[in-house]
Amino acid sequence: MNGAAARKHDLVTGGAGFIGAALVRHLLDAGHQVTVLDNFFTGRMENLPDAPGLKILRGDVIAERDYPEDLTGIYNLACPASPVHYASDPVHTTKTCVLGALRMLELARQRKIPILQSSTSEVYGDPFVHPQTESYFGNVNCTGLRSCYDEGKRCAETLFFDFRRQYGVDTKVVRIFNTYGPGMLPDDGRVVSNFIVQALRGNALTIYGDGSQTRSFCYVSDLVEGLIKMFHTPPEISGPVNLGNPGEFTMNELADLILAEIPNPAGKIFKPLPSDDPTRRKPDISRAQSLLHWQPVVPLREGLKETIAFFRTTLGR
Ligand code: NAD
Ligand code: UDP
């Protein structure tokens, strides 16, 4: 086999988004050729480097289209991840999750190449089991404002496991817990970017509810390493595998950490809690530790410093 034929060529759907662009940069650095498919709903062209190994296709993951013949793998990340964005067109969010997964699985099946699905901790809904293990089936409302995303992602997981059982496709499913870091959009709407941007602008930090709900925040470089390790597992490994940082914080604690870095007399302001907002979230990562020899290494305080520095530059403050 000559060098050109042996070169890895990954398709990254949603590659212009926050996690996708970090993954794309990592793959390019590793010498892979990368094709990005993105509709630029929440992705930005500026997120992506100007690199000879990178080709960018503008389009919707649910649409039929031609893809390069020499693809060697697919990372399916296309989907808005912030509640503000995924709830703004819920029908299209469900289509993206379900029809997008179907489209990419058919491609993987035709080409006989591995495919990784970026699923989510949202499949656990408002969990009764804590921390969340992959064997927990979850507690999800199928008729609420978050359901387009939660149930869409759950159905996508079903498709991944059925394509494996029925057609022998090498599928991998990871369940990503709240991930943050440089590259998020200032108007992304998720809590880390909201709080940092509010603090830098001298506005009060908007805490939804009483701020006692918890989340576990994973720094983006840790997450990307987990995605790559999972992608390279042998074909018999399918997951699902939780990827996240088990450090658990209330939203009040998160706000205090950010206010300690960015003193802001405006402090915090309390707003109504959105419906179906999970009360707690913390990954059990034993499976990732044993299968992938992976665990996050960036503590929240360190990751927040990097993210604050990024937003200071982005906002010119
Ligand atoms: P993001 O919104 O920054 O990126 C999503 C990307 O997908 C964007 O570039 C967007 O334009 C693109 N996209 C959306 N719908 C599309 C469609 N129909 N066709 C083509 N492109 C489309 O979000 P992110 O944080 O980078 O999340 C990436 C993936 O990881 C998503 O699948 C998300 O569900 C999953 N995930 C993220 C988190 C997190 O905390 N960031 C947590 C759990 C799961
Ligand atoms: N949240 C908040 N203020 C904000 C944005 C979010 O208090 O400005 C809360 C939100 O209600 C949730 C938590 O922070 O309890 C995490 O929200 P995010 O949208 O980042 O992620 P998800 O709810 O999808 O885990």
Side-chain angles (χ1 to χ4, degrees), residues 12-24 36-45 47-48 56-63 75-87 89 92-97 99-101 103-104 116-124 126 146 149-150 152-153 156 174-181 183-185 188-198 203-218 220 223-224 227 242-244 249-252 254-255 268-281 283:
V12 181
T13 76
F18 162 54
I19 295 175
L23 172 66
V24 166
V36 162
L37 181 275
D38 205 295
N39 68 356
F40 293 92
F41 174 46
T42 51
R44 297 287 174 272
M45 199 60 97
N47 287 347
L48 291 166
I56 301 167
L57 306 175
R58 184 181 285 269
D60 200 300
V61 68
I62 73 176
Y75 292 83
N76 187 37
L77 273 65
C79 187
S82 167
V84 177
H85 295 299
Y86 68 63
D89 187 348
H92 198 75
T93 298
T94 302
K95 284 184 180 171
T96 296
C97 290
L99 301 180
R103 184 71 71 192
M104 287 303 118
L116 178 142
Q117 167 69 355
S118 61
S119 189
T120 168
S121 56
E122 287 289 312
V123 301
Y124 301 120
D126 195 2
R146 293 173 86 102
Y149 184 74
D150 299 9
K153 289 283 188 177
V174 292
R175 294 179 176 161
I176 302 172
F177 285 63
N178 298 63
T179 299
Y180 72 101
M184 297 184 94
L185 294 177
D188 176 87
R190 281 174 280 187
V191 68
V192 173
S193 49
N194 268 12
F195 283 0
I196 293 175
V197 170
Q198 287 161 346
N203 298 327
L205 276 57
T206 52
I207 304 218
Y208 301 161
D210 64 4
S212 62
Q213 71 272 35
T214 68
R215 294 292 187 274
S216 301
F217 298 100
C218 186
V220 63
L223 194 269
V224 166
L227 295 178
N242 288 338
L243 292 180
F249 296 84
T250 66
M251 294 312 100
N252 277 315
L254 176 69
K268 309 177 200 170
I269 183 173
F270 292 85
K271 302 257 182 183
L273 188 68
S275 63
D276 292 331
D277 199 287
T279 46
R280 52 191 187 161
R281 199 48 81 56

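The shown structure was predicted, so the numbers you read here are calculated from the model rather than taken from an experiment. First listed ligand is number 1; within each ligand, the first listed atom is number 1. Starting from 1, each residue takes its place in the sequence as its number.
- Nearest non-hydrogen protein atom to atom 16 (C) of ligand 2 is Arg215 NE, 3.6 Å.
- Two residues are said to be in side-chain contact when any heavy atoms from C-beta on lie closer than 4.5 Å; Tyr180 and Arg190 fail this criterion.
- Considering Val61, Asn39, Leu57, Asp38 in turn, Val61 is the only one that fulfils the side chain to side chain contact (heavy atoms under 4.5 Å, CB included) rule with Thr13.
- Looking at Gln198 next to ligand 2, no N or O pair under 3.5 Å apart turns up.
- Considering only heavy atoms from C-beta on, Leu116 comes within 4.5 Å of Leu227 through its side chain.
- Counting heavy atoms closer than 4.0 Å to ligand 2, residue Asp277 contributes side-chain atoms (C-beta onward) but none from N, CA, C or O.
- Contact annotation: for Asn178 versus ligand 2, heavy atoms closer than 4.0 Å belong to the side chain alone.
- The option with the heavy atom closest to atom 23 (O) of ligand 2, from among Glu122, Arg146, Arg190, is Arg146.
- Listed by chain and number, residues touching ligand 1 at under 4.0 Å (heavy atoms only) are Gly14, Ala16, Gly17, Phe18, Ile19, Asp38, Asn39, Phe40, Phe41, Thr42, Gly43, Gly59, Asp60, Val61, Leu77, Ala78, Cys79, Pro80, Ala81, His92, Thr96, Ser118, Ser119, Thr120, Tyr149, Lys153, Ile176, Asn178, Thr179, Arg190.
- Within the 4.5 Å cutoff, the side chain of Leu223 has heavy atoms near those of the Ile19 side chain.
- Inclusion of Thr206 in the set of residues having an N or O under 3.5 Å from an N or O of ligand 2 is warranted.
- Atoms of ligand 2 lying under 4.0 Å from any heavy atom of Asn194, numbered from 1 in the order shown and given with element: 4 (C), 5 (C), 8 (O).
- The backbone and the side chain of Val191 each have at least one atom closer than 4.0 Å to an atom of ligand 2 (non-hydrogen atoms only).
- Contacts of Met251 with ligand 2, taken as heavy-atom pairs under 4.0 Å, involve the side chain alone.
- At least one heavy atom of Pro83 sits under 4.0 Å from some atom of ligand 2.
- In this structure the side chain of Val192 reaches within 4.5 angstrom of the side chain of Ile196, judged on heavy atoms.
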